[in-house]
Amino acid sequence: MDKTYNPHAIEQQWYQHWEANSYFTPSGTGKPYSIVIPPPNVTGSLHMGHAFQDTIMDTLIRLKRMQQHDTLWQVGTDHAGIATQMLVERKVQAEEGLTRHDLGREKFLDKVWEWKEESGGNITRQLRRLGASVDWDRERFTMDDGFYEAVQEAFIRLYEDGLIYRGKRLVNWDPKLHTAISDLEVVSEDEAGHLWHMRYPLADGATTANGDNFIVVATTRPETMLGDAAVAVHPEDERYQHLVGKFVELPLVGRRIPVIADDYVDQEFGTGCVKITPAHDFNDYAMGQRHALAMINVLDQDAAILATPEVYNTDGMPVTEHNEAIPAAYQGLDRYQARDAIVADLQQAGQLEKIEDHTLKAPRGDRSGLVIEPLLTDQWFVSTKPLAEPAIAAVEDGRIEFVPKQWQNTYFSWMRDIQDWCISRQLWWGHRIPAWYDDAGQFYVGRSEAEVRAKHQLGDINLRQDDDVLDTWFSSGLWTFGTMGWPDMTEALKRYHPTDVLVTGFDIIFFWVARMIMMTMHLMKHEDGSAQVPFKTIYVTGLIRDENGDKMSKSKGNVLDPLDLIDGISLDDLLAKRTGNMMQPQLAKKIDKQTRKHFPEGMAAYGTDALRFTLCSLASTGRDIKFDLGRIEGNRNFCNKIWNAASYVLMNCEDQDCGQHGGEVELTLADKWIVSRLQRTQQKVLSALDSYRFDHAAEALYSFIWNEYCAWYLELSKPVLWDENASAAQLRGTRRTLVQVLESALRLAHPLMPYITEEIWQKLKPLVGQTGDSIMLQAYPEFAADKVDEQAESDLNWVRDVIEGVRNIRGEMGISPAKPIPLLFSKGKPSDQNKLQANSQFLIKLAKLESVTWLEAGEEAPLSATALVGEMEVLVPMAGLIDKDAELARLQKELAKLTGEIKRFNGKLGNAKFVDNAPAEVVDKERAKLAEAEAAAATLQQQVAKIEAI
RNA sequence: AGGACUAUAGCUCAGUUGGUUAGAGCGCUACCUUGACAUGGUAGAGGUCGGCAGUUCGAAUCUGCCUAGUCCUACCA
């Protein structure tokens, strides 16, 4: 075994070994347990969120595998429509100066596939570095042939079930990407804007209550007036009631539009008069539907002004009404240029009453960052309400459970108010919609052109497939069963579906989780016809944030790359990574400065195990995680501790009799104690993992291994192993305990830290009589109640108390740890004497004692520094060692503490209400504590008196 | 506007059904190259558990209000 712990040296080889031996493949026996990985973008790279979630999934999978379940961890990647297409577009633009339109659909798609092949392996390589025990043999991609079939089938079935429809609707249009996007892909933030108050002249000589021949509307988007179809007021608004049914004449355009009444209008806001533009605003659209207003679209796909409006009735059918040409001055102008022009013209005409500052929520496309434009287009939609109902029920009745529970409220509130889902995208990279159009615009849905022709007896008329592709989330909604071979009812589906747990972030509960539930429950049925859920538990993780609690993002330059934490990175490389190739180069200086401040020497190589253990230890529920380098450093040290402990064990046990071949065995108190403590640790770790408390599991492992096994047990083993008079049975007992407990602890820790546990286990296995090839296939330790030894635990606490009492005196009195000191025991009970006799070797070694002396009752003790163990006094003679004042000060400090306690206990017990009402058990406990504190105080008081007397 | 979450040691976080002297890691102080480990050891210091009120014999824990912060959803023409 190498002298120092070097994660790099051990990690890669074991992963290769596991993978080469197909240890990640489901065993096919035992109870099935399955997890699907949330598919990362195929061209993406692993970030801390992935590392976190994948660590948790791997921990669960390794645990279940060791518990002899038939585990499947399904792996794969997502084609990530918009993100990938944009990336390749940028790349082609940068490298060849071409747009995708220059290339054409087919050639451009070739480029995307090329890029996918080139960079697609990146994320899977990174997954391997993390130790993720996914089944690579079943790796899938959302656009591989089989998955394509699943997507097409899902579309067709939903269509045939009446849950997919096509229609002209107002959708969120991205004027840069030239595609519709779903509500979820629009992010709204407060932005500074204006509220323009515009005069709309009343037609036919009508006047307002105060005699004006115009009304004033307030708007944040003056340019949309070109598409106004009405002005709305509140039905109870006394200012305008009499105008309802009359008309106004639209300035600059001249269109006569009605004044209508609708209680959507807020009388308090603006002027109480709202211009209604059904083709360019979602609320206006709804109002247009209610009042049968024409939808007058005045914008093209670039959000520039059309020459002639496109007008539709409420059914989306084109009509000729209101299709007079738009004034030439505005034709072809971009929406913002048009705004300026219209405002200027209104001003000139004296029809602009005022301009107010106004903050508004600007809806922006989450990919392009541009303000999206509500635009009337033909799109495909999923009717979500019928799908949502069973999906809600499944969570209500517990077939699907959120961990932590609170997330179900988020889910419910969204699902109960769900809107239809626009699934068509005007992109090229994605699943082509399986619909064909004839020249008349009639469409036919089917698996292929041939199928469509045959089914609808179309002969050889012209047919053209829909150009659009499906929203990426449509295909990822099928992920749990699409990866297992659906629409065929494969053996894998029968065995591993529904999956057991989904591990994901709250940010995609709507995007993905909810839709997965809806799609799966509609498409996947049990044999009895009831709906299958995609997974039984949803473990929702928090977000990993930087050391300041800020979200990690490339533009902020605060991203931590998990691979850098594993391998380490120099400051220069880190700076280059964070400030190179930036979208906003002006931020580089600031990022440079911050990075130098936080990582003056770059980052050390902490190794995968330290990273994984840290992520687990931070995984408490219901909160985000500020990633603190201190934690991973501490856990790297923990790995080092394990390494060195193993080194000690091997040094003392290799080529020795460790009882693996039988033979008489005698166990010391320390042996019995550590075995007992191991049981309790196993119990804690198991119950923590069962309840998804990875932090508790990590804590239990850490404190057992470091604070009990290393700090105490290894030290307690030394007096036995180094005792020349120790019997073979004693040596065998201690060696056996050393190796067995370490071996169990390694298995216990393996799901969290796969590499170091494997490396050490390989060295240890012959010493415990194991022959398995890998720790990952060994049985997970189980709690054995019969190995819990209360007596050993309490006896060992006595030993620790004595040792710690002496160490305290040493520490506080400044006695060199190198100096052996004599120790006297006074006022002890017979049980104390027994313990002393049985364990003096431990005391002498660990407290560095010169001698131990038992004083019988009445025997005079020399003047000493005192520590108390129960009622027994542990005495370090002062002669030549201890200064009188220092000991007095030490005693006074102890006494002060005791006095405080006594006062509190007395207060409590003096309160009749407490004594009368509290359970007798609690009262007795308080009494006992009081008695103990009083006795201790009395003893120390006597000591003080004695010392003061000299 | 509605909702969720968070507030505990200098920092990052635990604290299960109300009953311990409120814990851990990092950091800090002093001492120590003792035959696994200085990525270490020993001994310490450090908290009126965000504030106020209430329930209770008893509150970090339950209830209400308030303050501060984070986030989500809807939406203001």
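Keep in mind that the numbers below use all heavy atoms, side chains included, and drop hydrogens, waters and symmetry copies. In what follows, every chain begins at residue 1, and chains take the letters A, B, ... in the order their sequences are listed.
- Taking the centre and axis of the six-membered ring of Y5(A), the NZ or CZ atom of K641(A) falls outside the cone set by 45° and 6.0 Å.
- When each of A43(B), G44(B), C31(B) is scored by its nearest atom to the side-chain atoms of E804(A), the top-ranked nucleotide is A43(B).
- If you check C37(B), G15(B), C57(B) against the side chain of N917(A), the one that comes closest is C57(B).
- Here C72(B) presents its P atom at 15 Å from CD of Q406(A), a figure rounded to the nearest Å.
- Within the 4.0 angstrom heavy-atom criterion, no nucleotide atom of any strand lies near F627(A).
- For the pair N637(A) and G40(B), the criterion of a side-chain N or O lying under 4.0 Å from OP1 or OP2 is met.
- Taking atom C1' in both U63(B) and G18(B), one finds a spacing of 13 Å when rounded to whole Å.
- The side chain of S620(A) sits closest to C13(B) out of G19(B), C76(B), C13(B).
- Nucleotide U6(B) holds its P atom 16 Å from the CG atom of L543(A), rounded to whole Å.
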Base-pair string, RNA chain B, Watson-Crick plus G-U, cut-off 3.5 Å on both distances, | for inter-strand, is (((((((..((((.....[...)))).(((((.......))))).....(((((..]....))))))))))))....

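- With sequence neighbours left out, E708(A) forms a salt bridge (Lys or Arg N to Asp or Glu O under 4.0 Å) with R677(A).
- Within 4.0 Å (heavy atoms only), K929(A) reaches sugar-phosphate atoms of the nucleic acid but no base atom.
- The neighbour count for H8(A) NE2, taken as heavy atoms of other residues, nucleotides or ligands under 6.0 Å away, does not exceed 12.
- Of all nucleotides listed (G44(B), U70(B), C57(B)), C57(B) comes nearest to the side chain of F914(A).
- Look at the P atom in both A59(B) and U20(B): the space between them is 11 Å, to the nearest Å.
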